[in-house]
Number of protein chains: 2
Amino acid sequence: MSVNLSKAHNLAWRKFLTAHVTLIERIERDLATAELPPLSWYDVLFALSEAPERQLRLHELAQAVLLSRSNVTRLVDRLEVAGLLQREQCKRDRRGAFAVITVEGLAMLECMWSVYESGIVKYFACHLDATEVKLFTKILNRMTSISDL
Amino acid sequence: MSVNLSKAHNLAWRKFLTAHVTLIERIERDLATAELPPLSWYDVLFALSEAPERQLRLHELAQAVLLSRSNVTRLVDRLEVAGLLQREQCKRDRRGAFAVITVEGLAMLECMWSVYESGIVKYFACHLDATEVKLFTKILNRMTSISDL
DNA sequence: CTACAATAGTTGCATCTGCAATTATCTCAT
DNA sequence: ATGAGATAATTGCAGATGCAACTATTGTAG
């Protein structure tokens, strides 16, 4: 609230932004090189694979991947066309639909993860020792607490 | 390189991603509420204001804001239409063009900064004490060193 | 039971993005 | 000087994004 942004904090913020784009770019590049879909697809597949019965209502999925609803509709469209998931009518609520991950989706998830994981390791994790990783996570947790609005 | 991603590191990575979208969303929301342009415009204006003679070649601008070239062409289009900068022919290299920030651009920069700065403070900086901010920056610097490719 | 508000998902629209191809100009070795 | 290759910026295109409007269904207060 108070307008007192130190040089050091400002620098940290800019570094935060540039580090993010750089790391994402590197990982997306690795995925593209392996002829795999983008990270957004991974997020969807991952969320579904973790969900009970490997399915989620679309609005739950939207929350899980931090995307707007309209976006999820069309993202799910694409994944469905690619055969990685299926829509399924919800019995209890006839407005609703589930996205259910398919066998092909699970295979793709695994395939993407092998590239993704190695990217996380070599671009991100290898720069954090055991102490730092704890602190790093703790700091980010603070920032995303709801108290900030 | 080695595929050994610990639970803790994986969690840190996911937190890194969610924190980024959350913080950006909050700041973009504050800007939109104040009827100001998005962050990408700020980045352009800031880069120009810092540059010698308050102007940059478009490819320099592209690098400064970490955007692809075609993107910069059109981003500059929009800012030019809004009167925040002007294109100027380069004498030495007739292929080239400069983007020069205008007086209106400088005013807009200042106006956006007041909102942006307070966002950085209340969503980000206030969660980092003097020690943490140093370590945080150091870690991110490591990650974006060129050694990783 | 009914009417009003809330919610789920989709769609239209305008904008934004990256990639690849294009045009124009520059550099440099021969 | 000139021709091959690099570089600067733009453009076409396909895809992705957020917002607001829309349809359909559900929940709820009276």
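To find a chain, count down the sequence lines: A is the first, B the second, and so on, and within it residues start at 1. Keep in mind that the numbers below use all heavy atoms, side chains included, and drop hydrogens, waters and symmetry copies.
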Yes or no on side chain to side chain contact (heavy atoms under 4.5 Å, CB included) for Tyr123(A) and Met143(B), after CA distance, side-chain angles and deciding distance?
CA-CA 6 Å; Tyr123(A) 302 132; Met143(B) 289 176 185; over 6 Å; no

Between [options], spot the one nearest the side chain of [X], thanks.
| X | options | answer |
| --- | --- | --- |
| Arg94(B) | dC16(C), dT26(D), dT25(C) | dT25(C) |
| Arg74(B) | dT17(C), dT25(D), dA16(D) | dT17(C) |
| Ala97(B) | dA8(C), dA9(D), dC26(C) | dA9(D) |

Does [X] make a side-chain N or O approach to OP1 or OP2 of [N] shorter than 4.0 Å?
| X | N | value |
| --- | --- | --- |
| Arg57(B) | dA8(D) | no |
| His59(A) | dT7(C) | no |
| Arg78(B) | dT17(C) | yes |

Closest nucleotide of DNA chain C for Leu58(A) versus for Arg92(B): which of these residues is on the 5' side?
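Nearer the 5' end of the strand: Leu58(A).
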
Write down the distance between [atom1] ([X]) and [atom2] ([N]), rounded to a whole number of angstrom.
| X | N | atom1 | atom2 | value |
| --- | --- | --- | --- | --- |
| Glu88(B) | dA9(D) | CD | C1' | 16 Å |
| Arg87(A) | dT10(C) | CZ | P | 4 Å |
| Asp77(A) | dG15(D) | CG | P | 13 Å |
| Asp43(B) | dC16(C) | CG | P | 14 Å |
| Glu80(B) | dT10(D) | CD | C1' | 13 Å |
| Trp41(B) | dT15(C) | CH2 | P | 11 Å |
| Phe98(B) | dA9(D) | CZ | P | 9 Å |
| Asp93(B) | dC28(C) | CG | C1' | 15 Å |

Do Leu11(B) and Ile139(B) sit in one hydrophobic cluster, given that two such residues count as connected whenever their side-chain heavy atoms are within less than 4.5 Å of each other, even indirectly?
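Each belongs to a different hydrophobic cluster.
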
I'd like to know if Arg95(A) reaches the base of dT26(D) with its side chain such that a donor and an acceptor end up less than 3.5 angstrom apart.
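Absent.
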
So, does Glu50(A) use its side chain to make a donor-acceptor pair with the main chain of Ala47(A) at under 3.5 Å?
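Not confirmed, Glu50(A) side chain does not pair with Ala47(A) backbone.
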
Ile101(B) side chain near Leu84(B) side chain, heavy-atom distance below 4.5 Å:
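They are not in contact (no side-chain heavy atoms under 4.5 Å apart), so the answer is no.
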
Are Phe16(A) and His20(B) close enough, and set up right, to give a side chain to side chain contact (heavy atoms under 4.5 Å, CB included), and what steps lead you there?
CA-CA 8 Å; Phe16(A) 179 64; His20(B) 180 265; 4.0 Å; yes

